[in-house]
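So the structure is just underneath, and the comments pick up after that.
Order of listing sets the numbers, starting from 1, for every ligand and every atom in it.
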Amino acid sequence: MRFGHTLVPPGVFRRKLRKDSSQQCEFITNSDHTKDAGKEAIRTCNSYWNPQEPIEEYDIDQFILGMTSQITEREDTIITPDLRGFVFGGLDFSRRDLMAVNIQRGRDHGLPDYNTARKEFGLEPAESWADLSPNCNNETLIDGRKCDDTDFEVDDPCRMIVCLKEVYDGDLSSLFRTIIADQFARIRDGDRFWYENKLNGLFTDEQRVAINDTTLRHIILEITDIEEDELAGNPFFYLDTETKCNRIVGRARSEGYNISPGFNCTNSTTCQEIDQELRNENPNITDALVRRYADCDNTQLLAVDPCPRGTVNGSDINIVSPCTKLRTFDYFTGSEAPYILTFAAVGLFIILMIVLLLVTANINQSKIAEQRKAGRAESRRKSTDLSLHDVSEWQGQKEGERDIKVRMDIRKKSLLIFLPGQARPTRTIDCKRTDRLYAKESVDKARNFLLIRIPNEYDLVLKFDGPREKNAFLQSIKEFCEQTGITQRSAMLSQKELLAEAITKARRQHTLDKFFRIVFKHAFRIDDDGDMEALSDEDANAVINCELTIDEFADALSLKPSAMFVKNMFELIDKDKNGLVSFREFWT
Ligand code: HEM
């Protein structure tokens with residue numbers, strides 16, 4: 001059925017109603033503001049994208065008149081370029097070759113080869129190109145092969161090509177004809193509303209006759225402003241006067257009537273001239289027969305198109321504009337500056353937002369720090385306990401700071417850490433087992449950091465509101481050390497070094513995790529030496545030199561330090577009885 005694709009012309013003419021153009025045949029040249037400005041036809045390939053446009057722009061009657069005056073393309077192997085590389089493709093952007101699509105679709109649907117299809121439809125198989133088309137000898141086939149019998153391959157699955165070759169002599173192929181007849185018969189027989197189906201009771205006999213007598217010509221006349229004398233007798237067929245006259249003459253001769261050899265048909269031949277010629281050369285001919293041949297009442301050959309125009313020549317630039325080639329758009333080219341500016345603006349915006357966020361966060365942090373500082377100052381002012389120090393504890397990079405109170409308990413030889421508002425210490429740093437205490441001060445920036453290190457405990461990193469507070473704390477530490485017999489060792493370093501060196505709770509926990517993993521593997525004889533090897537030198541050192549307090553030991557067993565089991569176990573492992581268990585003690 002897709003043979004219709006070979007009939008598609010590269011464009012369509014438009015014609016004015018003759019009553020609008022002084023009874024002349026006036027074909028319309030497209031107006032200036034349209035795509036086909038100055039051309040005589042509307043180009044097919046350029047109308048796919050908005051087919052409504054020409055209809056809205058122009059009068060539909062003009063299209064119908066133009067199309068009835070135009071000759072369609074031949075049924076042959078030549079397809080207008082408008083349907084080759086210019087057919088709309090996927091998403092309306094790309095282009096396709098409709099013939100390639102047709103062939104591919106045939107394969108998709110598993111269509112058989114030409115001769116198999118002929119047999120299916122009860123036709124004799126073709127044995128040579130001549131069987132298909134007598135005129136095609138040595139013509140080139142669509143795919144470049146020669147149309148001679150040495151190259152005869154009708155089992156070619158590209159049945160479309162072979163069938164098109166079959167219509168090469170201008171007549172529809174016997175296979176196509178059979179398929180189309182079969183299709184239309186099926187459409188008719190399968191339609192219970194079909195007008196000829198008397199059983200459906202839809203139409204009377206008169207109505208059936210009326211429907212049968214209704215032609216496309218009648219419909220056009222009914223629904224448009226086109227007058228009778230504007231249209232050919234059969235708008236499906238284009239005939240100029242000369243062709244029509246030649247047909248009449250040929251038919252009369254073939255039926256045994258004489259026409260003189262000197263009688264020449266031209267486009268100005270009239271009915272009367274044919275009428276006269278028939279009567280002159282055939283004295284016995286009846287009036288009825290003359291009317292049958294020269295079917296006219298006036299001076300015109302009535303069935304002929306009153307305004308024949310012929311074919312649309314796709315390569316004539318006066319007739320059609322060229323097909324618009326597929327163009328690809330690179331959104332960057334030509335817009336470099338706006339692109340760069342846009343990206344720069346977006347980048348700048350993001351940077352500005354980040355800076356703004358950082359500044360806001362900084363301001364908020366400062367405000368919070370100020371409030372906490374004010375709170376600590378207020379607490380100090382109200383407090384009568386001079387041994388209690390209100391400070392901020394730095395817990396680590398991620399953990400940040402928190403407000404605490406530190407008391408040095410000389411009697412218990414411990415540093416007690418309290419959270420604001422709590423009576424029980426949140427941490428007790430037991431100094432009984434040590435004779436050393438390290439106090440490291442930051443000396444740059446605000447000089448307000450102090451690191452207190454007691455061996456085998458994680459560090460206490462304090463941040464003071466000012467030098468006065470720090471000095472007061474250092475004084476208390478000094479007195480605490482003097483009274484408890486602990487040697488105080490001091491050091492000065494930069495704030496960065498101090499914070500980097502600090503053994504925070506998280507860092508200590510990390511070391512303890514490694515410690516326990518290795519120790520438990522050893523205890524349960526899990527054969528994997530890789531753990532030690534995987535440790536960095538620093539971690540390995542930390543693990544080997546690590547000594548656990550009873551609190552840490554209890555914590556690892558998820559028990560309380562006061563539990564009997566914990567105490568007994570701890571004592572058992574703590575061979576040197578120094579109140580700490582070391583890696584070596586565990587190992588042995
Ligand atoms: C500008 C003119 C035309 C264009 C752009 C066109 C385009 C197309 C396209 C894109 C398809 C679908 C292809 C596929 O994906 O398989 C198609 C199918 C088809 N065309 Fe055309 N066509 C045109 C004219 C015609 C004519 C004049 C006829 C017949 C007289 C025709 C008959 C068919 C048939 C029968 C199909 C198959 C429909 C189906 O399988 O449902 N086409 N055409």
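Geometrically, Arg208 does not engage Phe203 in a cation-pi contact defined by less than 6.0 Å to the ring centre and at most 45° from the axis.
When non-hydrogen atoms are compared, ligand 1 lies under 4.0 Å from neither the backbone nor the side chain of Leu7. With a 4.0 Å cut-off on non-hydrogen atoms, Phe3 does not touch ligand 1 at all. Neither the backbone nor the side chain of Asp82 comes within contact range of ligand 1; no heavy atom lies under 4.0 Å. Heavy atoms of Asn102 found under 4.0 angstrom from ligand 1: none, in either backbone or side chain.
Looking only at atom types and distance, the side chain of Tyr114 has a donor-acceptor partner in the side chain of Arg118 under 3.5 Å away.
The CG atom of Leu98 sits 11.0 Å away from atom CG of Asp82, with the distance rounded to the nearest 0.5 Å. Rounding to the nearest 0.5 Å places OG1 of Thr68 at 9.0 Å from CG of Leu216.
Not counting sequence neighbours, Phe343 has no partner by the ring pair (Phe, Tyr, Trp, His ring centres under 6.0 Å) test.
Put simply, no part of Gln104 is less than 4.0 Å from ligand 1, judged by heavy atoms.
The ligand atoms of ligand 1 that sit less than 4.0 angstrom from a heavy atom of Thr44 are 1 (C). Residue-ligand proximity, Val8 to ligand 1, at heavy-atom distances under 4.0 Å covers atoms 1 (C), 2 (C), 24 (C), 27 (C). Atom numbering of ligand 1 starts at 1 in the shown order; those under 4.0 Å from a heavy atom of Arg96 are 10 (C), 15 (O). Interface atoms of ligand 1 facing Val101, defined by a heavy-atom separation under 4.0 Å, are 13 (C), 14 (C), 15 (O), 16 (O).
With salt bridges taken as basic N to acidic carboxylate O contacts below 4.0 Å, one links Asp108 and Arg105.
With Gln183, Arg2, Arg105 as candidates, the residue nearest to atom 13 (C) of ligand 1 on a non-hydrogen basis is Arg2.
Ring geometry for Phe3 against Phe176 counts as tilted: the plane angle lies between 30° and 60°, on a 0 to 90° scale.
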